[in-house]
Amino acid sequence: MVSVKRYAMRGRVIALWLLLGVLCAGGITAILAFTLNRNPGSSSIDYDADFCQPLIIAHRGASGYVPEHTLGAYALAIAMGSEYIEPDVVMTKDGHLIARHDNELGLTTDVAEHPQFATRYRTQYVDGTLVRGWFTEDFTLAEIKMLRAIERIPEIRPGNVRMDGSFEIPTMQEIIDLAKGMEISYGRRIGIYPEIKHSTHFQHLGLAMEKPLVDLLHENGYTGPEAPIYIQSFEVTNLKELSQITGIRLIQLLGGRKTAQPYDQVQLGSDLTYGDMATPEGLRDIARYAYAVGPEKSYIIPRDENNRLGQPTSFVRDAHSVNLKVHPYTFRAENLYLPAELQSDDPSPSAIGNFRGELKAFLSTGIDGMFSDQPDISVQVRGPCE
């Protein structure tokens, strides 16, 4: 027994000397710098191996059942089995990150019912498009907290309307706190999948979100590629810059119109289009700074002139060949969003079609994850973990 203790103590002493050697050589600093400040780009390492796969990413939370981007939508999505919850992030006037799909507040909050904010209504260009309304960059966080969320598409999701006015507009920190708390309750990892919205617009206002978001994530313990976090953007320059300041995984989103350009590329005078980015060469370029690619789902299975599903393209195979994960968007159960052959005969705007049929078609292409408004159905169709 004495001999065992002696050897154990000797092993600890050797380990201590090795650690001191690393510290003296500055090795630990280099290791931390690599972990915190370098992004792996695409990788053959599956950092989501602890999750069921393909990943179910709750698009704006369980937005098919609860008004989007609310703590209620995120909590329900987690309870339904989603691996990741997806908040879109925009900035307030005083520099706080909040969850909204747009910086315009009229579609998803009750701001129009607050007479004290009537004079904030204005018109401006956002990403080259003329937009009228109330904008997050004109409100402090305290003012945002006076608003309540409402359903974005009430005619399609009338059931969600009954919850109008029930939820505050959450901050990114509140979403992190929710995820960490529910990790304890459910005894499993819960990922967060923030999208930086209108990056160039906010940069021009002096309200760039990239570094504040990274700082917030790092402060909460999300640092390297192993962290259950993806940062997504439709723009390119900000993702490349992010790849130099964080090891958190990045995902390049591709807009639905292949002839369209990321707005930062428009500003730069580039001719780069989303269609260019979806080619084998374009995907190789993306793989230099991103871990995954998020195409609109028609890049994977296009629809024909009759709105019916066509044949799968080579997109998934091409992306996988350069070690990019593929997470297409957006899967929704209502007829309006489904291909013609999977729509039900019910003519009402809120009618549900054969959503499972679409999910099965896309799962068969080998995708690695999907953004879904009804994550419970997506979890069921995917099936239990192996």
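No experiment lies behind these values; they were computed from the predicted model shown. Atom set for the values below is all heavy atoms of this structure, side chains included, hydrogens, waters and symmetry mates excluded.
- When only modelled atom types and interatomic distance are considered, R382 and Q53 share no side-chain donor-acceptor pair under 3.5 Å.
- Cluster annotation: L105 is not connected to V161 through the hydrophobic network of ILVMFWY side chains, with a link wherever side-chain heavy atoms come within less than 4.5 Å.
- In this structure, K180 forms no cation-pi arrangement with Y186, as its terminal cationic atom is not both closer than 6.0 Å to the ring centre and no more than 45° off the ring axis.
- Taking hydrophobic clusters as Ile, Leu, Val, Met, Phe, Trp and Tyr residues chained together by side-chain heavy-atom distances below 4.5 Å, Y274 shares a cluster with L272.
- Both tests hold for K297 against F331: distance to the six-membered ring centre under 6.0 Å, angle to the ring axis within 45°.
- The backbone N or O of G353 sits nowhere less than 3.5 Å from a side-chain atom of Q343 that would complete a donor-acceptor pair.
- Cluster annotation: F117 and L141 are assigned to the same hydrophobic cluster (Ile/Leu/Val/Met/Phe/Trp/Tyr, side-chain heavy-atom contacts under 4.5 Å, transitive).
- Neither side chain, D373 nor Y65, offers a donor N or O lying under 3.5 Å from an acceptor on the other.
- Taking the six-membered ring wherever Trp is involved, the centroid distance between the rings of Y291 and Y47 falls below 6.0 Å.
- Taking the six-membered ring for Trp and the full ring otherwise, Y193 and F371 have centroids separated by under 6.0 Å.
- Annotation: cation-pi geometry not satisfied between R148 and F167 (NZ/CZ under 6.0 angstrom from ring centroid, within 45° of ring axis).
- When ring centroids are compared, Y263 and F234 stay outside the 6.0 Å threshold.
- Between the side chains of T136 and N103, no donor-acceptor pair is found at a separation under 3.5 Å.
- In this structure, a donor-acceptor pair under 3.5 Å is present between the side chains of E334 and Q374.
- E68 pairs in a salt bridge (Lys or Arg N to Asp or Glu O under 4.0 Å) with only one of the listed residues (R152, R157, R332), which is R152.
- Around the CD atom of E341, the shell of radius 6.0 Å holds more than 12 heavy atoms that belong to other residues, nucleotides or ligands.
- Of the charged side-chain nitrogens involved, at least one lies within less than 4.0 Å of a carboxylate oxygen, so that D215 and K211 count as a salt-bridged pair.
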